[in-house]
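Below: one structure, written as structure tokens.
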Amino acid sequence: MEDKNILELERRFQEKIDNDIKIEPNDWMPDDYRQTLIRQISQHAHSEIVGMLPEGNWITRAPNLRRKAVLLAKVQDEAGHGLYLYSAAETLGADREETIDDLHSGKAKYSSIFNYPTLSWADMGAIGWLVDGAAIMNQVPLCRCSYGPYARAMVRVCKEESFHQRQGFEIIAHLAQGTPAQKEMAQDALNRFWWPALMMFGPNDAESKHTVQSMNWKIKRSTNDELRQLFVDVTVPQAEMIGLTIPDKDLKLNKETGHYETGEINWAEFWEVVKGNGPCNKERVDARRKAKEDGMWVREAALAFAEKRKNK
Amino acid sequence: MSKKEWPLWEVFIRSKQGLNHKHVGSLRAADSTMAIENARDVYTRRSEGISIWVIESNNVFANDSSESDALFEPADSKIYRHPTFYDVPDGISHM
């Protein structure tokens, strides 16, 4: 009887998904669906929060006040996006504190791209242009994700993020059209961020263990390789326009398909970074832990103050 | 016997699947169950909703409207938060 009920619930659940009806927090959902979403949404949240660090690194060294104000606004948006996402995860029953502790213990992952260092100001351009560009490719289809609170958070994120890519492109385009030294900086940033940006879409479809189930559940609406291809096709002409060279000697346009074909991605490097051995993994997690510890007294003081006000 | 009034409830309706609940108004009810039933009768007589949330009005906290200008002023000067602030050169698409 019990099993039959579950089967019926699952059938109705899948029927909703197939009809593009959103799943909401109070609706019945299979436990795997819930767990998959908690994992994905919290990883996404962590990526927003950890993603503040490589850019935060340059706020005090921005070349002028305009650039500084813009970079601050962008990093502030990322904090906000992290908060929308943690809240979306909480609608599934995830505990905020535990979720954050999982990041700090290394149990939870975040986007590998943030484990690369930001060595020059041009990296702020490369990140906005490439990293945010890739993130937008990933996030736009998520606005149609089957889980209501996640989809709605993504609509808000995508709307706010539209300036992020533009500000990055503006930085890199300016440098690319500047002095030879500035152009070299821009090219160097592109050289270092191009391949990690392609890796942001995750393993090839054949290697991606979650893709099939996530597509069936409409948590994911396009495959890793489809999105990566879209990104390459859009970005290569942009690089050409500003006179920079994509660091891939095998890159060519297939005239028949209309798509660019890239060289082989270094997946060994990707997995090393995922496993925690990237250039900045330790630094990033240490920074988050330190932020939590250093902020402890503020959180305690706020609670004590609220208590005092209540008893007045 | 002292007269006890039913509490006031704020009503939020999801008009279509996939959308946020939106505040539509308030009503009086003895408890949350009655509030939902009353909300159905008061606010969805023409199929305006597919989901109802109610919350007791005294659980809603609002900013001081006389200080709204100061509260929202910080965003006024930050036009660079909008994509239109940035020049995208001719010939660049998908941005």
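The basis for the numbers below is simple: all heavy atoms, side chains too, and nothing from hydrogens, waters or symmetry mates.
Of the possible donor and acceptor atoms, none in the side chain of A:Tyr260 sits under 3.5 Å from a partner among the backbone N and O of A:Val234. Using a distance-only test at 3.5 Å, with no hydrogens or angles considered, no donor-acceptor pair links the side chain of A:His44 to the main chain of A:Gln40. In this structure, the side chain of B:Gln17 engages the main chain of A:Lys22 through a donor-acceptor pair within 3.5 Å.
For A:Ala69, the parts sitting under 4.5 Å from any heavy atom of chain B are the backbone and the side chain alike. Proximity to chain B is limited to the backbone of A:Asp20, based on heavy atoms less than 4.5 angstrom apart. Heavy atoms closer than 4.5 Å to chain A are found nowhere in B:Ser51, neither backbone nor side chain. Only the backbone of B:His82 comes within contact range of chain A, with at least one heavy atom under 4.5 Å from a heavy atom of that chain. If you measure heavy-atom distances from A:Gln238 to chain B, the contacts under 4.5 Å come from both the backbone and the side chain. For A:Gln76, the part sitting under 4.5 Å from any heavy atom of chain B is the side chain, from C-beta outward, and nothing else.
Contacts with chain B were tallied for A:Arg66, A:Lys159, A:His164, A:Glu160; A:Arg66 has the most, counting heavy-atom pairs under 4.5 Å. Note on A:Ala173, A:Gly148, A:Ser162: by heavy-atom pairs under 4.5 Å with chain B, the leading option is A:Ser162.
With respect to A:Glu307 and A:Lys310, a salt bridge is recorded, a charged nitrogen being found less than 4.0 Å from a carboxylate O.
For the pairing with B:Ile13, the side chain to side chain contact (heavy atoms under 4.5 Å, CB included) check across B:Asn20, B:Thr44, B:Ile50 returns one residue only, B:Thr44.
A donor-acceptor pair shorter than 3.5 Å can be found between the side chains of A:Asp18 and A:Gln14.
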